[in-house]
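Structure, as structure tokens:
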Amino acid sequence: MASGGLLLVDLGEEQRKERKLDDDALALFVKHVGEYGAHAVAKQAGFQKGDIIVALNGKRDRLSEGQFLAQTLAVRPGPRVTPTVLRDGKEIEMKLLMQQ
């Protein structure tokens, strides 16, 4: 997977309220992080199961998993994208190297 092995799920209304996230904000729950080969890129970048992606390259507009992947696929292999995750109430900026 071009996103480094991430399986993402858009948070529903209830989960957004619990985390004080707006309905129109990016909030993709990291359900799974790949472990091996090309699918381990996100793990090597520091992603963990349970993270919530709240920004992509500084933008916080709501995206589905498909829209998120489309935006990351638009980046040529080699450059990094910078998703920001919410973990334990803190925002952490990641650097994810894009692959073919």
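Every value quoted in this text rests on a predicted model; they were computed, and no experiment measured them.
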- Query: Should Glu93 and Lys95 be marked as a salt bridge (charged side-chain N to carboxylate O under 4.0 Å, His left out) after you check the CA-CA gap, both sets of side-chain angles, and the distance that decides it?
  - Reply: CA-CA 7 Å; Glu93 188 175 280; Lys95 303 281 188 204; 3.2 Å; yes

- Message: Hydrophobic clustering (ILVMFWY, side-chain heavy atoms < 4.5 Å, transitive) - are Val54 and Phe47 grouped together?
- Response: no

- Leu7, Val9, Leu8 screened by side chain to side chain contact (heavy atoms under 4.5 Å, CB included) with Val30, the one that passes: Leu8

- To the nearest 0.5 angstrom, please state how far the CG atom of Leu6 sits from the NZ atom of Lys43. 12.5 Å

- Task: Look at atom CD of Glu14 and say whether more than 12 heavy atoms of other residues, nucleotides or ligands are closer to it than 6.0 Å.
- Result: no

- Note on the structure: Output for pair (Gln15 CD, Arg19 CZ), nearest 0.5 Å, gives 6.0 Å

- Ile52 and Phe68: same hydrophobic cluster, using ILVMFWY side-chain contacts below 4.5 Å? no

- Rounded to the nearest 0.5 Å, how far apart are CG of Leu56 and CG of Asp61? 10.5 Å

- Item | Point-to-point distance, once rounded to the nearest 0.5 Å, from OG1 of Thr84 to CG of Asn57 | 8.5 Å

- Looking only at heavy atoms, the pair that brings Arg62 and Asp23 closest together is NH1-O, 2.6 Å

- Task: Calculate, to the nearest 0.5 Å, the distance between atoms CZ and CE belonging to Arg87 and Met94 respectively.
- Result: 4.0 Å

- Determine, using the 4.5 Å side-chain heavy-atom cutoff (strictly less than), whether Leu69 and Ile53 are members of one ILVMFWY cluster. yes

- Query: Run the salt bridge (charged side-chain N to carboxylate O under 4.0 Å, His left out) check on Asp10 and Arg16 step by step: do they pass?
  - Reply: CA-CA 10 Å; Asp10 190 30; Arg16 287 170 176 272; 2.9 Å; yes

- Query: Under 4.5 Å between side-chain heavy atoms, hopping through other hydrophobics if needed: is there a path connecting Phe29 to Leu86?
  - Reply: yes

- Task: Give, for atom CZ of Arg60 and atom CG of Leu21, the distance between the pair rounded to the nearest 0.5 Å.
- Result: 9.5 Å

